[in-house]
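See structure below.
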Amino acid sequence: MSSRLGYRTVNAALTSAFPEARKEYPPRASKLDPFKPFIDEMLRADLDAPRKQRHTIKRIYERLIDEHGMEDVSYQRVRDYVDKRKPQIRVDAGREPPQVFIPQTHLRNRESRRATAPASPGGRGG
């Protein structure tokens, strides 16, 4: 074993083949957090607005800077939040059904195998 490993690490490895689960840290606060209620309010107002009068992400970003004095928050951060939050608000308002995603699982090498006849003794098919 390497000399960089302490006795506790070696003892833990000998005790169990699987490492202990890592401690989960609480989510950190974002600089966007104080502005999220305003963004949600704009998105809710857009539910009843005609299509051409709805807020674009750029317009939401500009309004946050002009009307609410937002600084140090990138356009990309606002865009990511709006992209995630807009479908949730539509579902909460009953405007569209919730999106259900069922991940496909494939058993390795099961679906790729072909049902073929056994090979002939001469090595030729037929």
Side-chain angles (χ1 to χ4, degrees):
M1 296 215 131
S2 175
S3 62
R4 294 184 298 184
L5 296 177
Y7 75 93
R8 289 188 180 119
T9 305
V10 174
N11 191 24
L14 292 173
T15 305
S16 174
F18 300 102
E20 292 182 24
R22 288 185 175 238
K23 180 175 96 172
E24 290 191 28
Y25 293 101
R28 293 188 327 186
S30 167
K31 290 183 179 182
L32 186 63
D33 283 347
F35 306 103
K36 287 180 180 180
F38 302 116
I39 296 172
D40 290 350
E41 183 180 318
M42 285 186 243
L43 294 176
R44 283 190 196 95
D46 285 348
L47 290 174
D48 296 326
R51 191 174 71 97
K52 290 287 191 172
Q53 294 177 5
R54 295 181 190 150
H55 288 88
T56 62
I57 297 172
K58 182 178 182 206
R59 182 66 186 131
I60 291 172
Y61 181 72
E62 290 170 352
R63 279 189 65 185
L64 290 172
I65 291 172
D66 295 342
E67 297 174 15
H68 300 286
M70 181 180 76
E71 296 177 354
D72 298 334
V73 178
S74 68
Y75 172 82
Q76 184 66 41
R77 178 131 348 228
V78 174
R79 183 176 138 192
D80 290 344
Y81 178 74
V82 170
D83 283 345
K84 181 184 82 170
R85 193 69 179 116
K86 189 183 281 189
Q88 294 172 348
I89 288 177
R90 290 187 60 80
V91 168
D92 292 345
R95 298 291 174 104
E96 64 183 49
Q99 297 294 321
V100 179
F101 175 73
I102 301 172
Q104 295 182 354
T105 56
H106 300 285
L107 299 174
R108 192 173 196 159
N109 294 329
R110 291 232 177 151
E111 293 179 12
S112 63
R113 291 185 194 159
R114 288 188 279 171
T116 58
S120 62
R124 296 185 182 151

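Hydrogens, waters and symmetry mates play no part in the numbers below; they use all other heavy atoms, side chains included. Numbers here are sequence positions counted from 1. Here the structure is a predicted model, which is why all the values come from computation and not from measurement.
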| query | Is the NZ atom of K36 crowded by more than 12 outside heavy atoms at less than 6.0 Å? | reply | yes
| said: Any non-hydrogen side-chain atom of I89 less than 4.5 Å from a side-chain atom of D46? | reply: no
| message | Tell me the closest heavy-atom pair linking P87 and V82, and the distance in Å. | response | CD-O, 4.4 Å
| field | L47 vs L43 side-chain heavy atoms within contact, under 4.5 Å | value | no
| query | Side chains of R63 and H55: does their closest heavy-atom pair fall under 4.5 Å? | reply | yes
| CD on E71 to NZ on K31, rounded to 0.5 Å | 10.0 Å
| Roughly how far apart are L64 CG and L32 CG, rounded to 0.5 Å? | 7.5 Å
| Among all residues two or more places apart in sequence or in another chain, which pass the salt bridge (Lys or Arg N to Asp or Glu O under 4.0 Å) test with R54? | none
| Would you call the rings of Y75 and Y61 parallel, tilted or perpendicular, where under 30° means parallel and over 60° means perpendicular? | perpendicular
| said: Between D92 and Q88, do the side chains contain a donor N or O and an acceptor N or O under 3.5 Å apart? | reply: no
| Non-hydrogen side-chain atoms of R4 and T9 separated by less than 4.5 Å | no
| field | Separation between NZ of K58 and CZ of R79, rounded to the nearest 0.5 Å | value | 13.5 Å
| request: Determine, using the 4.5 Å side-chain heavy-atom cutoff (strictly less than), whether L5 and L14 are members of one ILVMFWY cluster. | output: yes
| task | Check the surroundings of atom CD in Q76: do more than 12 heavy atoms from other residues, nucleotides or ligands lie under 6.0 Å from it? | result | yes
| Residue pair F35 / H68: nearest heavy atoms and the distance that separates them | CE2-O, 3.7 Å
| message | Between Y81 and D33, is there a side-chain donor-acceptor contact under 3.5 Å, judged purely by atom types and distance? | response | no
| note | The side-chain hydrogen bond (donor to acceptor under 3.5 Å, both in side chains) partners of D48 (sequence neighbours excluded) come to R95
